[in-house]
Every structure is written in C-alpha cells, then in structure tokens.
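Every chain is numbered from 1, with letters handed out A, B, ... down the list of sequences.
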Amino acid sequence: ETGVTQTPRHLVMGMTNKKSLKCEQHLGHNAMYWYKQSAKKPLELMFVYNFKEQTENNSVPSRFSPECPNSSHLFLHLHTLQPEDSALYLCASSQNPTAGADQETQYFGPGTRLLVL
Amino acid sequence: KNQVEQSPQSLIILEGKNCTLQCNYTVSPFSNLRWYKQDTGRGPVSLTIMTFSENTKSNGRYTATLDADTKQSSLHITASQLSDSASYICVVSVGGSYIPTFGRGTSLIVHP
C-alpha cells in the first residue's frame with residue numbers, strides 16, 4: 001500500500017446530488033493532488049495543493065470544489081455533475097513541492113470510481 | 001502542445017516472454033520522464049524516473065531507456081510474470097511545472 005487512502009472506493013450519484021470524495025495521506029507529505037482518469041484518456045490533473053494552499057486549478061468546472069483543511073486531508077465536493085464526469089478520481093501526494101514540482105514523485109491512492117446517472 | 005504517445009495500445013504475451021513498450025513525447029522544456037505501473041483497481045505506482053542526462057534505468061525486471069535526441073523512451077520487461085498484467089503509463093514532466101503530461105498507457109496482459 002502507498003499510504004494514500006481514498007473513500008468511498010465506488011460512488012453512484014444522480015445529476016442533482018451532492019457528494020464528497022475524501023483523500024488522506026499518511027506519508028507526511030506537503031502537497032496533494034486530484035486527478036481524473038477517464039476510459040481511453042490520459043490522466044488529467046485537476047487541482048494541486050501545497051501546504052494547504054491551492055496552487056493549480058487546471059481549468060476545472062466549478063461543479064468540482066476542492067477543500068484542503070490540512071496537509072494530510074483533501075476533499076473533492078461534487079454537485080450537479082454530468083454523465084461525462086463519470087471516471088476514476090485519483091488522489092496523490094508528494095513530499096516537498098517547493099524543491100521543484102517537476103522533480104517530485106507522486107504517490108497515488110486507489111481512486112474512487114464515480115458513476116453519474 | 002505537449003504530448004505523450006504510447007504504443008502499442010494493448011499487448012498480450014505469454015508468461016516468461018520479454019516485451020518492450022514505447023513512448024514518444026513532444027514536451028518542452030523537458031525535465032524528466034517516468035514510467036508508472038497501474039494495476040486494475042489501483043492507483044499508478046512509479047517504476048523509474050530518468051532525467052535528461054540518463055539513458056537507462058533499471059528496477060528489477062523493468063528497464064527503461066531514454067533517447068533525449070529523438071524524444072523516445074522504452075520500457076523493457078524481462079521474463080514476464082502474471083503479476084505484470086497492468087497498464088503502463090509514460091509521464092513527462094515540464095521544467096518548473098506542477099502539471100505533467102501523461103500518455104494514455106499500454107495495457108499489458110500476461111497469459112500463463
């Protein structure tokens with residue numbers, strides 16, 4: 001196991017629902033990331049948090065709202081999603097992004113498989 | 001536009017055989033290239049990382065090569081095992097950026 005946990009592992013929701021995905025890292029890292037992985041597509045970086053501050057929003061629609069209360073926890077709040085948002089949502093963490101974001105090895109969680117009906 | 005292309009899209013081999021996966025990239029400025037292994041139902045796990053000056057890196061039965069001139073990388077798997085069945089993702093990082101460029105991955109199936 002990589003030390004990054006995600007809950008729930010599977011989620012089915014309607015387009016009018018509100019739900020939240022949770023990520024927790026037990027590695028003492030200072031940066032956390034949300035990715036979207038759709039079938040037949042490359043991973044897409046959504047958000048980056050360094051020391052609890054958001055440093056990247058990769059043009060993500062506002063129906064996805066991240067929250068990082070501390071360096072160990074990351075949430076992704078979902079509301080009024082569309083069927084095309086169905087995907088695997090992966091959380092990752094890395095040690096010290098200020099040392100050079102491109103040099104960091106990211107450790108991924110198992111993901112939440114989301115289905116929007 | 002930064003891009004990473006992987007081939008083949010999928011590959012089926014028999015247990016014990018070797019195989020090679022390919023990655024071509026157009027990313028600038030280049031910082032490093034990683035290969036990840038993603039088992040079904042799991043997140044990706046880093047196998048190797050290579051910078052501009054490195055042209056080969058090994059991790060057990062996995063050997064990655066990098067040709068920075070032609071912007072190509074390969075991942076060679078020796079004496080494949082059933083547990084090698086997974087998706088292998090090539091990822092290229094841009095200097096100073098948090099946003100890496102991912103390939104679509106190669107799905108490898110190893111049959112007994």
If I measure from the heavy atoms of chain B, does [X] come under 4.5 Å with its side chain, its backbone, both, or neither?
{"X": "R113(A)", "value": "neither"}
{"X": "L43(A)", "value": "both"}
{"X": "Q37(A)", "value": "side chain"}

#### Entry: Polar contact flag, side-chain donor to acceptor under 3.5 angstrom, T63(B)-S58(B)
yes
### Query
So H29(A) and Y107(A), would you call those rings parallel, tilted or perpendicular, with 30° and 60° as cut-offs?
tilted
### Message
Angle between ring planes, Y36(B) versus F108(A), binned at 30° and 60°: parallel, tilted or perpendicular?
### Response
perpendicular
### Message
Hydrophobic clustering (ILVMFWY, side-chain heavy atoms < 4.5 Å, transitive) - are I109(B) and W35(B) grouped together?
### Response
no
### Task
Please look at Q9(B) and chain A and tell me whether the side chain, the backbone, both or neither of the residue comes under 4.5 angstrom of a heavy atom of that chain.
side chain
